[in-house]
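Notes for the one structure printed next.
Here the structure is a predicted model, which means the values were calculated and not measured. Below, each value reflects all heavy atoms present in this structure, side chains not excepted, and no hydrogens, waters or symmetry copies.
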Amino acid sequence: MGIRTNEREWVGGSSTLARIRGGAFKYVCLSTALFGIVTLFVLLAYVAIDAVELREADPAWFAIVGATLVFPIALFGWRVRGTPAADVAKTSVGGVLLAAGLGCFLTVAFTVVTPYVWAAYVLLAVAPTVAAARYGDRFERLDGSGPLVMATVALGVIVATALLGPITAILGLAKPWILYLLTATVPVAGALLWWARTRDDHAAGVAAALTVAATVGLGLLVEVGALESAGAPIAFLLGFVGPATVVLADGYRRGPAARIGLLAIPIILGGAVAAVVASLLLGVPMPNPWLRPEFFQQGPSRTPEKAGLYPPIVGSIFMLIVMIVAVFPLGVGAAIYLEEYATDNWLTRLIRINLTNLAGVPSVVYGLLGLAIIARHFGFGRGTVITAGLTVGLLVLPIVIISTQEAIRSVPNSVRQASYGMGASRWQTTREVVLPEAFPGILTGTILALGRAIGETAPLIMIGAATSVSSAPDSLFGTVTAMPLQIFSWRSYFDPDFRYGVVAAGVITLLVILLGMNAAAIILRNRLEKR
């Protein structure tokens with residue numbers, strides 16, 4: 001039976017003086033936390049007002065937005081509060097937004113990786129690796145599929161890189177949309193069908209069929225000349241359909257009472273459309289926000305109305321891709337070795353101590369390291385995508401290793417001993433028991449570290465990244481800039497519209513991306529922990 005400790009005992013019930021001290025300490029802590037939260041909220045509200053130009057909005061427009069958007073959302077929130085529908089509403093809205101973000105991420109990524117290069121690596125590296133992971137245990141001479149998988153990955157990447165020219169020349173005979181269909185859409189549809197079979201989820205099966213049909217439809221539009229290229233729509237489709245289907249289907253399966261939460265998405269979208277339509281019909285002028293679609297499609301300009309954030313957004317996403325490819329496998333692999341394989345000797349302890357110290361090194365030092373080693377010694381060039389990605393990746397690598405170590409360390413040893421008792425090897429135990437249990441923590445730590453990397457400025461300045469470029473990079477060795485650098489550049493412009501309106505729009509964009517990554521970490525962690 002647990003011992004209950006009430007509030008009076010916590011603040012000190014032995015004497016009046018102790019109780020007063022405890023109470024004062026509690027309220028000082030509460031006041032400090034509230035001060036920080038309120039200050040941040042006021043700052044965000046001030047920036048948001050500048051970005052949306054709410055000061056110049058007509059009062060009638062506020063009334064329309066309140067009646068069509070705010071009131072229905074508030075009424076819906078009051079209706080579902082404290083019920084399972086509230087959780088479904090939050091998860092579905094967040095999941096759909098994250099799916100849209102993933103679709104945009106893949107759209108930008110596929111502008112660099114051509115369909116021929118993509119297909120070459122899928123056929124020579126990814127497909128053999130999946131086959132080795134699926135059927136590797138059937139080879140009796142191999143101790144599990146782990147070594148086979150790692151050997152297949154390394155060999156496949158080497159072969160694909162060495163033979164990239166001839167292979168892409170052969171693949172160039174095929175239509176790009178057909179390559180996307182065979183090497184991207186079909187695997188995604190297969191994953192959705194697998195999900196549908198394991199969870200008895202008919203929605204995932206329908207989504208798989210629609211994904212294939214939509215890809216073929218986009219390809220036919222290209223063939224008849226109605227669409228110039230189908231690459232970007234297919235990439236967005238692949239990133240959006242899977243996560244959105246999984247989130248929405250999970251909410252639907254939770255029963256009729258929780259299913260009401262799925263109405264949150266149509267209420268929000270319908271309210272926004274109704275606000276625009278009502279404003280146009282009534283002739284009420286709407287605010288002219290700096291956050292508009294053109295802001296995300298245009299490059300920097302001397303005119304505030306024509307200024308956009310497209311090149312920095314693409315540059316930040318490219319850096320993110322480089323960091324994910326370079327940091328995640330290296331950081332997780334190092335943490336697995338340190339926690340599961342390394343013996344407790346002076347060298348291991350020295351490595352662990354230095355990892356902790358490296359996590360606290362100022363970011364400008366990593367900028368100098370990237371300039372000296374990555375840009376100059378390896379010849380990757382100053383201010384390029386790969387130099388920026390690897391430099392900022394070095395910055396967050398200790399954080400990824402430490403967070404992964406903590407996640408692995410949190411798995412009870414009794415679980416490992418039970419696996420060993422069943423005859424499993426160390427690698428089988430690590431792969432089948434430890435990593436699945438630690439995966440939520442690993443994913444959370446990695447996403448939060450990448451979120452910090454996107455907001456870094458000092459290392460990029462040290463490696464010579466441009467504060468403003470007119471076009472987005474189209475290769476790993478293209479000139480890159482990032483959102484913080486562009487915002488910093490706009491701040492120095494003389495025009496007040498730059499220093500208030502455009503800068504505010506850039507800050508809101510950066511914050512939305514960072515908060516989205518944090519929300520993704522929270523949602524994924526909660527979903528994986530529930531399993």
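Although no hydrogens or angles enter the test, the distance criterion places no donor-acceptor pair under 3.5 Å between the side chain of R254 and the main chain of G251. The backbone N or O of T303 sits less than 3.5 Å from a side-chain atom of S301, completing a donor-acceptor pair.
Two residues are said to be in side-chain contact when any heavy atoms from C-beta on lie closer than 4.5 Å; Y252 and V88 fail this criterion. Using a 4.5 Å heavy-atom threshold, the side chains of L450 and I454 count as separate. Side-chain contact between L460 and M319: present, with at least one pair of heavy atoms (C-beta onward) separated by less than 4.5 Å. Taking the side chain as every heavy atom from C-beta outward, I265 and L248 approach each other to under 4.5 Å. In this structure, L485 and T457 have side chains that are in contact, with non-hydrogen atoms separated by less than 4.5 Å. Using a 4.5 Å heavy-atom cutoff, the side chains of I336 and L435 are in contact. Here the side chains of I260 and R79 are in contact, with some heavy-atom distance below 4.5 Å. Counting heavy atoms from C-beta outward, I401 and Q405 have side chains that approach closer than 4.5 Å.
Scanning for side chain to side chain contact (heavy atoms under 4.5 Å, CB included) contacts around L34 gives L30, with sequence neighbours left out. Not counting sequence neighbours, W290 has no partner by the ring pair (Phe, Tyr, Trp, His ring centres under 6.0 Å) test. By the side chain to side chain contact (heavy atoms under 4.5 Å, CB included) test, F295 is found to be paired with L291, R292, L309, W490, V502, A505, T509, residues two or more places apart in sequence or in another chain being considered.
In this structure, CG in L397 is found 12.0 Å from CE in M323, a value given to the nearest 0.5 Å. Separation of atoms CD1 (I234) and CG (L181) is listed at 7.5 Å; rounding is to 0.5 Å. Of the inter-residue distances, the one linking W118 atom CH2 with T183 atom OG1 reads 6.5 Å to the nearest 0.5 angstrom. Rounding to the nearest 0.5 Å gives a distance of 7.0 Å between CZ of F439 and CD1 of I442. Considering CH2 of W194 and CG of L192, their distance stands at 10.5 Å, rounded to 0.5 Å. Atoms OG and CD, on S316 and Q486 in that order, are 10.5 Å from each other to the nearest 0.5 Å.
Summarising the local packing, CZ of F62 is surrounded by more than 12 heavy atoms from other residues, nucleotides or ligands at distances under 6.0 Å. Within 6.0 Å of CZ on R491 lie no more than 12 heavy atoms contributed by other residues, nucleotides or ligands. More than 12 non-hydrogen atoms from other residues, nucleotides or ligands lie less than 6.0 angstrom from OH of Y116. The number of heavy-atom neighbours closer than 6.0 Å to OH of Y493, taken from other residues, nucleotides and ligands shown, is above 12.
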- Task: Verify side chain to side chain contact (heavy atoms under 4.5 Å, CB included) between V93 and I268, making sure each step is shown before the conclusion.
- Result: CA-CA 9 Å; V93 173; I268 295 174; 4.1 Å; yes
| task | Please report the C-alpha distance between V241 and V188 in whole Å, then the side-chain angles of each, then the deciding distance to 0.1 Å, and finally whether the side chain to side chain contact (heavy atoms under 4.5 Å, CB included) criterion is met. | result | CA-CA 9 Å; V241 170; V188 170; over 6 Å; no
| message | One pair to check against side chain to side chain contact (heavy atoms under 4.5 Å, CB included): E437 and I408. What are the steps and the verdict? | response | CA-CA 8 Å; E437 290 291 327; I408 294 175; over 6 Å; no
Begin from the C-alpha positions of E456 and V396 and carry the test side chain to side chain contact (heavy atoms under 4.5 Å, CB included) through to its verdict. CA-CA 10 Å; E456 284 293 339; V396 299; over 6 Å; no
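The two residues D58 and A60 make their nearest non-hydrogen contact at OD1-N, 2.8 Å. Here the closest non-hydrogen pair linking A89 and A264 is CB-CB, 3.9 Å. Closest of all the heavy-atom pairs between P329 and I324 is CD-O, 3.4 Å. Nearest heavy atom pair, residue V212 against residue A189, reads CG2-CB, 3.7 Å. Here the shortest heavy-atom pairing between I399 and A449 reads CG2-CB, 4.1 Å. A pairwise comparison of heavy atoms in A100 and F236 identifies O-CE1, 3.5 Å as the closest pair.
Counting only N and O atoms by type, the side chains of T215 and W177 include no donor and acceptor under 3.5 Å apart.
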